[in-house]
Amino acid sequence: MRIFGLIIGSLIIVIAFNLFLIPHEVLSSGLSGISMMFGMITPINTGLANFLLNFPLLIIGYKVLGKKFIMNTIFSVLIISVGLYVIPVFPIAKGTILSSIFGGALTGLGVGIVFRCSGSTGGFDIIGMIVARKKDFPIGVLLSGMNAVVILISGFLFTWDAALNTLVSIFVTGKVVDAIYTDHAKLTIMIITEKGEEMRQHLLTNLYRGLTIMDGVGGYSNEKRNVMFTVISRYELNEVKTLITEVDPTAFVNITETIEVMGLFHRPSPS
């Protein structure tokens with residue numbers, strides 16, 4: 001089911017690019033937008049450019065990020081790159097504004113589906129996650145800054161109308177992703193489980209985050225339980241939910257939005 005979701009989400013992105021955005025010289029966000037620029041101003045196909053630009057990041061991400069996440073990301077990037085290469089560029093709509101809005105919405109839908117399948121579409125997402133893990137820098141701020149660069153380059157290479165349409169596309173994409181997935185970069189997870197030690201080992205083995213554990217007692221059953229807290233990025237949400245259900249499908253899990261984190265966000269290095 002996850003593989004099917006990755007395929008569907010990736011193909012929706014391809015349709016958005018080749019049928020709505022690229023024909024009107026409107027760019028998407030992130031590294032995909034840079035790939036589209038290469039496809040517009042050079043003989044290099046957008047799909048090939050997308051793969052070549054993502055390839056070194058995927059190698060770095062495989063070493064730094066979770067293997068499940070990065071393997072799903074590699075799969076999504078391959079589907080998108082092949083799809084952009086195979087599907088011809090053809091404008092569905094004549095209006096640039098409508099194409100920017102609808103193309104951005106379709107891109108957001110595809111990205112949101114890929115996120116829900118514990119992957120990403122590569123590019124700036126991987127850069128943001130790597131930097132956030134090393135420096136605890138806000139992912140949202142970093143991605144916004146990099147997207148601003150894409151918009152500026154679009155204005156200088158094409159027209160400022162194209163740059164503004166790109167801004168519209170990126171804005172709509174972000175809103176749709178937030179609606180489908182989650183609109184907070186960081187989330188707090190509270191887990192109440194009777195399998196505390198097994199859950200602790202499983203999460204610490206597969207998750208880059210630290211974990212706080214407290215003792216608790218069930219109000220109705222009066223049985224002892226462990227209460228665990230951790231803060232994760234939104235990209236890790238589905239992976240964490242899968243890890244929890246693998247150990248204890250009956251665990252009570254509360255997921256809340258986190259506005260700000262102070263102190264160490266990632267797991268402390270062993271001394």
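What you see below is based on every heavy atom in this structure, not just the backbone, and it leaves out hydrogens, waters and symmetry mates. One-based numbering along the sequence shown.
- Within a 6.0 Å sphere centred on CG of N222, other residues, nucleotides and ligands contribute 12 heavy atoms or fewer.
- Using modelled atom types, one finds a donor on one side chain and an acceptor on the other under 3.5 Å when comparing T193 with D248.
- Formation of a donor-acceptor pair under 3.5 Å by the T166 side chain with backbone atoms of L27 is found in this model.
- Nearest heavy-atom pair, G119 versus F115, reported as atom, atom and distance to 0.1 Å: O-CD2, 3.1 Å.
- Counting only distance, with no hydrogens or angles, the side chain of S10 and the backbone of L6 share a donor-acceptor pair below 3.5 Å.
- Two residues are said to be in side-chain contact when any heavy atoms from C-beta on lie closer than 4.5 Å; I101 and V168 meet this criterion.
- A pairwise comparison of heavy atoms in I191 and A251 identifies CG2-CB, 4.2 Å as the closest pair.
- Annotation: the span from Q201 atom CD to L211 atom CG amounts to 10.5 Å, rounded to 0.5 Å.
- Both V177 and V150 are part of a single hydrophobic cluster, where members link through side-chain heavy atoms under 4.5 Å apart.
- Atom CE of residue M71 and atom CG of residue L58 lie 10.0 Å apart, to the nearest 0.5 angstrom.
- Ring pair F55/F51 is tilted by interplanar angle, where 30° to 60° counts as tilted.
- Two residues are said to be in side-chain contact when any heavy atoms from C-beta on lie closer than 4.5 Å; E223 and V217 fail this criterion.
- In terms of hydrophobic clustering, with Ile, Leu, Val, Met, Phe, Trp and Tyr side chains grouped at heavy-atom distances under 4.5 Å, V111 and V26 are assigned to a common cluster.
- The minimum heavy-atom distance linking L53 with S35 is given by the pair CD1-OG, 3.5 Å.
- Under a 3.5 Å cut-off, the side chain of N18 and the backbone N or O of I87 do form a donor-acceptor pair.
- I255 places none of its side-chain heavy atoms less than 4.5 Å from the side chain of T188.
- Between S32 and N50 there is a side-chain heavy-atom pair separated by less than 4.5 Å.
- Put simply, the side chain of H24 never gets that close to the backbone of P91: no donor and acceptor are under 3.5 Å apart.
- Atoms OG and CG, on S81 and L52 in that order, are 8.5 Å from each other to the nearest 0.5 Å.
- No chain of hydrophobic side-chain contacts below 4.5 Å, direct or via other Ile, Leu, Val, Met, Phe, Trp or Tyr residues, connects F75 to I8.
- In summary, the side chains of T121 and S76 do not present any donor paired with an acceptor at a separation below 3.5 Å, with no hydrogens or angles considered.
- Although no hydrogens or angles enter the test, the distance criterion places a donor-acceptor pair under 3.5 Å between the side chain of T245 and the main chain of K241.
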Let's go through M190 and V227 carefully: what are the C-alpha distance in whole Å and the side-chain angles of both, what is the deciding distance for side-chain contact (heavy atoms from CB on, under 4.5 Å) to 0.1 Å, and is it a yes or a no? CA-CA 7 Å; M190 181 184 73; V227 182; 3.9 Å; yes

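- Put simply, NZ on K224 and CD on E194 are 13.0 Å apart, with the number rounded to the nearest 0.5 Å.
- The CE atom of M199 sits 9.5 Å away from atom CG of N226, with the distance rounded to the nearest 0.5 Å.
- The shortest non-hydrogen separation linking L106 to A16 is CB-CB, 3.6 Å.
- Residues V114 and V77 do not share a hydrophobic cluster, defined by chaining ILVMFWY side chains whose heavy atoms lie under 4.5 Å apart.
- Under a 3.5 Å cut-off, the side chain of T230 and the backbone N or O of I189 do not form any donor-acceptor pair.
- Only one option out of I79, I80, I113 pairs with L11 in a side-chain contact (heavy atoms from CB on, under 4.5 Å); it is I79.
- Rounded to the nearest 0.5 Å, atoms CE (M214) and CZ (R225) are 14.5 Å apart.
- Side-chain atoms of L31 and L57, non-hydrogen and from C-beta on, do get closer than 4.5 Å to each other.
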Assess whether side-chain contact (heavy atoms from CB on, under 4.5 Å) is satisfied between F38 and T46, documenting all intermediate values. CA-CA 7 Å; F38 274 103; T46 302; over 6 Å; no

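- Contact record, P23 with F17: CD-O, 3.7 Å, taken as the closest heavy-atom pair.
- Counting only N and O atoms by type, the side chains of D161 and N165 include no donor and acceptor under 3.5 Å apart.
- Y85 and V14 fall into different hydrophobic clusters, defined by Ile, Leu, Val, Met, Phe, Trp and Tyr side-chain heavy atoms under 4.5 Å apart, directly or through other members.
- Side chain of T107 to backbone of G103: a donor-acceptor contact under 3.5 angstrom is found.
- Taking each heavy atom of S99 and F20 in turn, the nearest pair found is CB-O, 3.3 Å.
- Between the side chains of T205 and R200, not a single donor N or O lies within less than 3.5 Å of an accepting N or O.
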